[in-house]
Amino acid sequence: MIGTGNGNRPPTKAVRQTEPADGNAPIPTGMEELRVRVQQLSLREQIERNHFLLMRLNAANARLIQSLEQGDVFEAMAEIIANLLGSEEIAVFDYHAAEKTFSLAWSSGFEAEALQPFLCGAGMFGRAVQQGLSQFQERQQDGALLPHEKNLTACVILKSSREIVGVIAIFGLLPQKNNLEWADYELLKFLETYGAVAMKFQRLQGRQVST
């Protein structure tokens with residue numbers, strides 16, 4: 001006679017479950033462990049990204065501090081952008097707030113004549129000052145760039161205590177780099193403020209020497 005009981009059937013392994021704090025249906029332990037593991041990996045990635053960014057910012061800060069002693073703020077900005085961002089074509093413009101005009105302060109990779117169209121303060125270059133915000137080519141609407149801005153990657157305002165003292169125009173990136181990355185934007189934010197302070201410091205030094 002065939003028994004109807006389950007005495008010969010192996011016992012079913014119970015799945016341990018975790019009761020969520022909100023009182024909803026319990027979460028199987030395996031899924032809870034997976035969720036925690038994903039959170040850990042995400043946090044680890046954030047820590048590594050922040051560490052990488054801090055290293056870049058520390059390098060940029062050290063170079064700017066050195067430039068204050070050597071009087072080569074513009075060269076320091078160019079080194080930071082070339083080594084940490086990936087562009088060897090830059091120009092730094094002074095902004096004269098009272099007259100709302102620009103003048104070329106320094107450039108690398110360009111003849112001064114090629115940069116003359118920027119002095120009119122139009123296009124993406126002018127919007128950076130008008131809005132008080134750095135501008136990036138990849139964030140511009142179609143048709144928003146002027147012909148002389150086609151190779152312009154970014155216009156970074158140099159602003160200290162709400163005073164705009166200049167603009168860095170960054171042109172083409174190195175061949176191995178297609179576009180700006182998250183850490184690049186953070187580095188440019190750093191330059192907005194600390195580059196402006198260094199530029200003002202150099203101006204004061206120049207005035208002291210001339211008097």
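Note that the structure is a prediction, hence the values are computed from the model and not measured.
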Trainee: Mind checking who shares a hydrophobic cluster with Leu204, ILVMFWY linked at side-chain heavy-atom distances under 4.5 Å?
Mentor: none
Trainee: Do you reckon Leu191 sits in the same ILVMFWY cluster as Leu53, going by side-chain contacts under 4.5 Å, direct or chained?
Mentor: yes
Trainee: What are the two closest heavy atoms between His96 and Ser103, and how far apart are they?
Mentor: NE2-OG, 2.8 Å
Trainee: Can you tell me if CD on Glu88 sees more than 12 non-hydrogen neighbours from other groups inside 6.0 Å?
Mentor: no
Trainee: Donor-acceptor check, side chain of Ser108 to backbone of Glu89, threshold 3.5 angstrom: yes or no?
Mentor: no
Trainee: Centre of Phe74's six-membered ring, under 6.0 Å away, within 45 degrees of the axis: is that where NZ or CZ of Arg203 sits?
Mentor: no
Trainee: For the hydrophobic clusters of this structure (ILVMFWY residues joined by side-chain heavy atoms under 4.5 Å, transitively), does one cluster hold both Phe201 and Met199?
Mentor: yes
Trainee: Could you tell me whether the side chain of Gln70 and the main chain of Ser67 form a donor-acceptor pair under 3.5 Å?
Mentor: no
Trainee: Taking salt bridge (Lys or Arg N to Asp or Glu O under 4.0 Å) as the cut-off, I'd like each qualifying pair that reaches into residues 177-201, sequence neighbours left out, listed once.
Mentor: Arg56-Asp184, Glu163-Lys200, Lys177-Asp184, Glu186-Lys189
Trainee: Of all the heavy-atom pairs spanning Ile168 and Ile81, show the shortest one and how long it is.
Mentor: CG2-CD1, 3.9 Å
Trainee: Just do the side chain to side chain contact (heavy atoms under 4.5 Å, CB included) check on Val92 and Val73 with the steps written out, would you?
Mentor: CA-CA 10 Å; Val92 183; Val73 169; over 6 Å; no
Trainee: Would you mind reporting whether Ser134 and Leu188 have side-chain heavy atoms less than 4.5 Å apart?
Mentor: no
Trainee: Regarding Gln66 and Arg63, is there a side-chain donor-to-acceptor distance under 3.5 Å anywhere?
Mentor: yes
Trainee: I want to check something: taking the side chain as every heavy atom from C-beta on, are Phe125 and Gln135 in contact at a cut-off of under 4.5 Å?
Mentor: no
Trainee: Rounded to the nearest 0.5 Å, what separates atom OG1 in Thr153 from atom CZ in Phe136?
Mentor: 10.5 Å
Trainee: Please say yes or no: joined through hydrophobic side-chain contacts below 4.5 Å, possibly via intermediate residues, are Leu152 and Phe93 part of one cluster?
Mentor: yes
Trainee: With side chain to side chain contact (heavy atoms under 4.5 Å, CB included) as the test, would you mind laying out the steps for Asn61 and Ile65 before giving the verdict?
Mentor: CA-CA 6 Å; Asn61 186 54; Ile65 291 175; 3.6 Å; yes
Trainee: Tell me if a side-chain donor or acceptor on Ser160 pairs with a main-chain N or O of Ala196 at a distance below 3.5 Å.
Mentor: no
Trainee: Could you walk me through whether Met77 and Asp72 satisfy the side chain to side chain contact (heavy atoms under 4.5 Å, CB included) test, starting with their C-alpha distance in whole Å, then the side-chain angles of each, then the deciding distance to 0.1 Å, before giving a yes or no?
Mentor: CA-CA 9 Å; Met77 290 180 182; Asp72 62 348; over 6 Å; no
Trainee: Is there a path from Ile80 to Leu85 through hydrophobic residues (I, L, V, M, F, W, Y) whose side chains come within less than 4.5 Å of each other?
Mentor: yes
Trainee: Please report the closest heavy-atom contact between Ala105 and Asp94, naming both atoms and the distance.
Mentor: CB-OD2, 3.4 Å
Trainee: Looking only at non-hydrogen atoms, find the nearest pair between Met124 and Cys155 and report the distance.
Mentor: CE-SG, 4.0 Å
Trainee: Sequence neighbours left out, what passes side chain to side chain contact (heavy atoms under 4.5 Å, CB included) with Ile164? Give chain and number order.
Mentor: Tyr95, Val129, Lys159
Trainee: So does Gln141 have more than 12 non-hydrogen atoms from other groups sitting under 6.0 Å from CD?
Mentor: no
Trainee: Can you see which heavy atom on Phe102 is nearest to which on Gly121, and at what distance?
Mentor: CE1-CA, 3.6 Å
Trainee: Cluster question for you: counting only ILVMFWY and a side-chain heavy-atom cut-off of under 4.5 Å, with indirect links fine, are Ile170 and Phe190 together?
Mentor: yes
Trainee: Give the minimum heavy-atom separation between Ser87 and Leu173, together with the two atoms involved.
Mentor: CB-CD2, 4.2 Å
Trainee: Passes side chain to side chain contact (heavy atoms under 4.5 Å, CB included), Asn179 versus Glu138? Steps please.
Mentor: CA-CA 8 Å; Asn179 48 40; Glu138 59 190 42; 3.6 Å; yes
Trainee: Taking side chain as C-beta onward, heavy atoms only, is Leu187 less than 4.5 Å from Leu57?
Mentor: yes
Trainee: Under 6.0 Å between ring centres, would you say that holds for Phe118 and Phe171?
Mentor: yes
